[in-house]
Amino acid sequence: MTGQAVTASRAATVVARVVVAVGLGYAAAAGLTAAVAIILTRVGVERSEAALTSFIFGLIAYLALLLWGFAARRLGVLALILAAIAVAGFGLVQLAGPGA
Amino acid sequence: MGTGFRASMNWLHTWAGVTLGGLLFAIFWMGTLSVFDREIDRWMSPMTRVPAAPISLDRIGEQLARLPTTARSWYVVPPSEREPTLRLSYADAHGYRTHHIDPGTGTMLPDPETLAGTEFIFPFHFELHLHAADLGIWIVGVAGMAMLLLCVSGVIIHRKIFADFFTFRPRKKPRRMLLDLHNVAGVIGLPFHVAITLSGLVIFAYTYFPTGWQALYAQPKDLWADVSGGYARPASGVPGTLGSLDRMVAKARGMWGGDQVEYLSVTHPGDAAAYVMIERSPEKYVTHVADRAWFDAQSGALLARSLPSRPAMQATQFLAGLHLVRFHHWTLRWLYFVLGLAGCVLIATGYLFWLESRRKRHLQLGLRGVRVVEALTIGSVTGMILATFAFFVANRLIPLGASIGGTERAALEVWFFFAVLIAAFLHAALRKQQAWVEQCVGVAVLGGAAVLLNWVTTGDHLIRSLTHPHLWPIAVMDLLLIVAAAAAGYLAWSLTRRGRVAAPPLRAMASA
């Protein structure tokens, strides 16, 4: 590869990593936040307490996912797992129905 | 990105810092100043520099009667230790207006015509004055998450974190010294930086991670009604009178163990269905208590009380209180200020270390990275300080009632701030390394000018402000401005002196 091609492919790797870690990481954290809110109400936590706990949990989950997102060796596997977490979380919301 | 966990954390620390450090500096700088936002208000609104005095709320009935009854509600903020005036506010078709009342005489003071600390510096800290679609809150959120990542990755990439605590070698090579300063500020300040960033994010976590509450509630108001209760009723259309606010406040304080009142509001003023809401002051607690009680405005009868906070709400209120520093404790307040400045030093030295470790190589290879990042650093560090001081100077130079093309004085001060900030970035891009010296000189000149202008325009020189306890906030702000001006002047002087001895200015700055 020429020098320019190396630079371009490195830039593409970096952009892909940031998009996956920050973007998909956020989607996964948001999915987990929704799942935690619903699961907490199901195990008997008051609705408002479950809601407040969920967004604080979301912050911590996102921090952990971001760290993992930037440390994980294989980008493809990382993207798949993050997408799966997001789908599972939002899927649970659909199953639980509006107003849970 | 490198291979291995430590290498990827090193990459993350470097690039998250370089890309978001400028924004983080702005947030940390404004947050640090916000610790003394009420004191900055006094400095920028000389008419409110009045001695504290107890004031009866019923005595201001005459002033209340002068407020427009077209307003949907009135707000009354009683005087407190850090805010000696009583404030009356209302919102009508012309927007939100505030009147200050001298507690000693009960008379209305002239409009300060400034956003000052609580309405410019503090909101800048958390929303950058970008209101559309909560854009500023989201940008600050991204920066906050980056700060947490920087704290974690910073700990991981340091092999000897305990040794770093005791390592500072000002006489060593400048690059080593900058890294030492970055490490010392980072390690000593680490618990504070993590706690302040996390608690700041918690305050807006409701906005950042809404999927949880949205899965459980149709409307945000339903959530808050569940969390803390509330009270509202429509206007009746029948005229009514306002009962004794003092008696309502006394009743509310009785319910809260004698605690002070934060503020009260009158909804549907002048209507028979008007009601008064009173909020408890959080000044005695770290936890940001926000207990409320509602009274019938005419009879003063208790209508409703907010619900006691349950554990998750208590945790949120504790973290919010930890961040907002609404409690009255001067020693801790100063500690917040000093640790906030340590955060600013941490961010600035991070940039300087990045620059110094690449300057030579980039120069040899003809890369532009160092030039771009250096301009970004100068604009966001000295430029931000310069713009803030220009904001103070503009406040003392623009006369009350002045306006340019329909832009009122308060907005002119803000324009001044942003004009100087943008000019500082342009100047840094044009003048390269020389901009360090020139902007430091600018900071020194504006800092000194602010102190002198305060003296000339208000008569409150240091001897006077130091000898009158109600002017101590003014004295302290003047003294801090003098210290900042002296430090900037010394830095500019040593940069020039060492620069002439051949070393590039930054080296000199490092060993100064």
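As the structure is a prediction and not an experimental result, all values here were calculated from the model. Atoms considered below: every heavy atom in the structure, side chains included; atoms not considered: hydrogens, waters and symmetry mates. Chain naming here is simple, since letters A, B, ... match the order of the sequence lines and numbering starts at 1 in each.
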- Item | Passing option when Glu374(B) is tested against His362(B), Arg359(B), Arg358(B) for side chain to side chain donor-acceptor pair (under 3.5 Å) | Arg359(B)
- Message: Would you say that Met30(B) contacts Phe124(B) through its side chain, given a criterion of any heavy-atom pair below 4.5 Å between the two side chains?
- Response: yes
- Item | 4.5 Å side-chain heavy-atom contact, His288(B) and Phe318(B) | no
- Message: Is the positively charged end of Arg17(A) above the ring of Phe70(A), judged by distance under 6.0 angstrom from the centroid and angle within 45° of the axis?
- Response: no
- Aromatic rings Trp213(B) and Tyr206(B): how do their planes relate, parallel, tilted or perpendicular, breaks at 30° and 60°? parallel
- Note on the structure: The interface call for Trp224(B) against chain A, heavy-atom contacts under 4.5 Å, is side chain
- Message: If you count heavy-atom pairs within less than 4.5 Å of chain A, which of Leu198(B), Leu149(B), Leu148(B) leads?
- Response: Leu149(B)
- Message: Please classify the contact between Leu12(B) and chain A as side chain, backbone, both or neither, with a heavy-atom cut-off of under 4.5 Å.
- Response: side chain
- Query: Quick one: of Leu92(A), Val22(A), Val36(A), Leu66(A), who has the most non-hydrogen atom pairs under 4.5 Å with chain B?
  - Reply: Leu66(A)
- Of Ala225(B), Ala315(B), Ala312(B), the largest count of non-hydrogen pairs under 4.5 angstrom with chain A goes to Ala312(B)
- Query: Checking Ile60(A) against chain B: side chain, backbone, both or neither under 4.5 Å from a heavy atom?
  - Reply: side chain
- Going by atom types alone, do Thr287(B) and Gln314(B) pair a side-chain donor with an acceptor below 3.5 Å? no
- So which of Ala29(A), Ser54(A), Ala34(A) has the largest heavy-atom pair count under 4.5 angstrom toward chain B? Ala34(A)
- With chain B, the option among Gly31(A), Gly89(A), Ala71(A) that has the most non-hydrogen atom pairs under 4.5 Å is Ala71(A)
- Message: Less than 4.5 Å to any heavy atom of chain B: does that hold for the side chain of Thr33(A), its backbone, both, or neither?
- Response: both
- Message: Quick check on Arg310(B): does its CZ atom have over 12 non-hydrogen neighbours (other residues, nucleotides or ligands) under 6.0 Å away?
- Response: yes
- Item | Residue among Ser48(A), Ala61(A), Ala51(A) with most heavy-atom pairs under 4.5 Å to chain B | Ser48(A)
- Query: Where does Pro311(B) contact chain A at under 4.5 Å (heavy atoms): side chain, backbone, both or neither?
  - Reply: both
- What part of Phe90(A) gets closer than 4.5 Å to chain B, counting heavy atoms only: side chain, backbone, both or neither? side chain
- Just do the side-chain contact (heavy atoms from CB on, under 4.5 Å) check on Val227(B) and Leu307(B) with the steps written out, would you? CA-CA 7 Å; Val227(B) 169; Leu307(B) 302 169; over 6 Å; no
